[in-house]
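The block underneath contains the structure these notes are about, expressed in structure tokens.
Since the structure is predicted, the reported quantities are computational estimates derived from the model, not experimental observations.
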Amino acid sequence: FARLAGNEGDLDTLIPSVQEAMKEEVKVNMMQYKGTKAVFGEIQQYLRFLPYVLLCMCISCVGVVFMSFQRPVIRMRTLCSSIHPTRVAVEKFLYVLATGMIFWLGMNLLGFLIFWKKWSEIPIRQIELLVLNGWMQMMVVIAVSLLCSALIRSESAQSFVTNVVSLGMCFFGGVFVPLELMGEGMRKAARFLPVYWYVENLERICSLTGFQWEHLQPIFEACLIQGGFAVAFFCVYLVINKYQQREEEDFGVIRTEVER
């Protein structure tokens, strides 16, 4: 301290000199090689709730449209027509895919308009990872919507399935309750839900401080896990749809117009 103050005298003159030297401000420029900043909390919270919104909207819209195809008159006309069942299934899938993409793009555009100033401060590579994570979750939402549409037969059932699936998956997946507040047993059980991997991957991307492979590997692994969930749900939907189709073709299930 004596050298800093330029005085080797007693404490009475040394202390004021040190205090005067400590008042000087020095500008420091922080630089980070191959690094990035953490995503702001508002954007992270907005993206965290996207699975719940997408599940509610997709299951509701897909359920309403698919229920109209389950009407007996429409089903009998479809079975008697020359349209192959595979073509019907492909068109249904394309409708669900278009619906999910429209909702996903719309919600992301809304988030960009709300936080557009903060989005401009995030590196483009980090935004690409956020888009990839959201895209994989959208594929999961599409597969879940298809699976739920095969089980929905009435409007009351639609509301029940929509609430149970969306609230259940998002609550235990860490959307409403942070993952760090959950017990170890609940966290292990939540690993069987695709929303858990989306939320965990979102937190990992938002706190990303570098683009080295050791930082990116768990992110890509979580995206692949979400893709595996989407494929699994879609396969279950195909099995249920095939069983229902055979049952109807063999007249195993007969419905009337008055049946609800």
Side-chain angles (χ1 to χ4, degrees), residues 26-55 100-101 103-144 169-234:
V26 179
K27 185 179 180 181
V28 179
N29 296 324
M30 302 294 295
M31 301 183 64
Q32 188 175 13
Y33 177 71
K34 289 185 178 182
T36 180
K37 295 186 298 183
V39 178
F40 296 94
E42 294 88 349
I43 297 178
Q44 182 178 355
Q45 291 300 319
Y46 180 85
L47 296 177
R48 177 189 291 269
F49 284 91
L50 275 187
Y52 173 71
V53 178
L54 293 177
L55 281 171
M101 289 184 62
F103 286 146
W104 180 70
L105 290 174
M107 294 302 300
N108 281 276
L109 179 60
L110 179 62
F112 178 78
L113 294 176
I114 296 175
F115 307 107
W116 67 275
K117 289 185 178 180
K118 296 181 179 180
W119 278 109
S120 60
E121 301 177 3
I122 302 177
I124 186 64
R125 294 183 65 181
Q126 199 169 6
I127 295 178
E128 292 174 352
L129 293 174
L130 292 172
V131 171
L132 175 62
N133 191 41
W135 175 268
M136 299 306 298
Q137 186 61 29
M138 184 201 67
M139 300 305 297
V140 173
V141 171
I142 290 174
V144 172
M169 293 183 65
C170 294
F171 179 81
F172 293 105
V175 173
F176 302 119
V177 180
L179 297 175
E180 56 270 14
L181 298 181
M182 294 184 178
E184 186 64 26
M186 185 173 292
R187 287 177 63 94
K188 290 182 179 179
R191 292 177 179 270
F192 294 95
L193 298 174
V195 178
Y196 168 85
W197 297 100
Y198 169 81
V199 174
E200 186 179 18
N201 213 24
L202 176 64
E203 294 180 353
R204 190 178 290 117
I205 296 173
C206 290
S207 59
L208 193 64
T209 57
F211 293 107
Q212 293 80 8
W213 175 246
E214 58 267 18
H215 297 151
L216 299 178
Q217 182 177 0
I219 296 176
F220 292 127
E221 289 177 353
C223 289
L224 290 177
I225 293 175
Q226 294 181 67
F229 274 106
V231 173
F233 287 137
F234 184 70

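In this structure, CG on L130 lies 13.0 Å from CZ on R125, to the nearest 0.5 angstrom. Atom CZ in F192 sits 14.0 Å away from atom CE in M169 (nearest 0.5 Å). One distance of note links CG of L110 with CG of L105; it measures 12.5 Å at 0.5 Å rounding. Rounding to the nearest 0.5 angstrom, the gap separating the CE atom in M138 from the OH atom in Y198 is 12.0 Å. Considering OH of Y196 and CD of E200, their distance stands at 4.0 Å, rounded to 0.5 Å. Interatomic distance, E221 CD to R204 CZ, rounded to the nearest 0.5 Å: 8.5 Å.
In this structure, the side chain of R48 does not engage the main chain of L202 through any donor-acceptor pair within 3.5 Å. Listed for the Y52 side chain is no donor-acceptor partner under 3.5 Å among the backbone atoms of C170. Not a single donor-acceptor pair under 3.5 Å links the side chain of N201 to the backbone N or O of W197. The backbone N or O of I205 lies less than 3.5 Å from a partner atom in the side chain of Q126, making a donor-acceptor pair.
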Practice item. Start with the C-alpha distance between I219 and L132, add both sets of side-chain angles, then the distance that settles side-chain contact (heavy atoms from CB on, under 4.5 Å), and finish with yes or no. Key: CA-CA 10 Å; I219 296 176; L132 175 62; 5.8 Å; no

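By the 6.0 Å contact criterion, CZ on F176 is enclosed, its count of non-hydrogen atoms from other residues, nucleotides or ligands being greater than 12. No more than 12 heavy atoms of other residues, nucleotides or ligands sit less than 6.0 Å from atom CZ of F171. Counting non-hydrogen atoms of neighbouring residues, nucleotides and ligands closer than 6.0 angstrom, the CH2 atom of W116 reaches no more than 12 such neighbours.
Paired with Q137 under the rule side chain to side chain contact (heavy atoms under 4.5 Å, CB included), one option of L50, V199, V195 passes, and it is V195.
Taking the six-membered ring where the residue is Trp, F112 and W119 present tilted rings, their angle falling between 30° and 60°.
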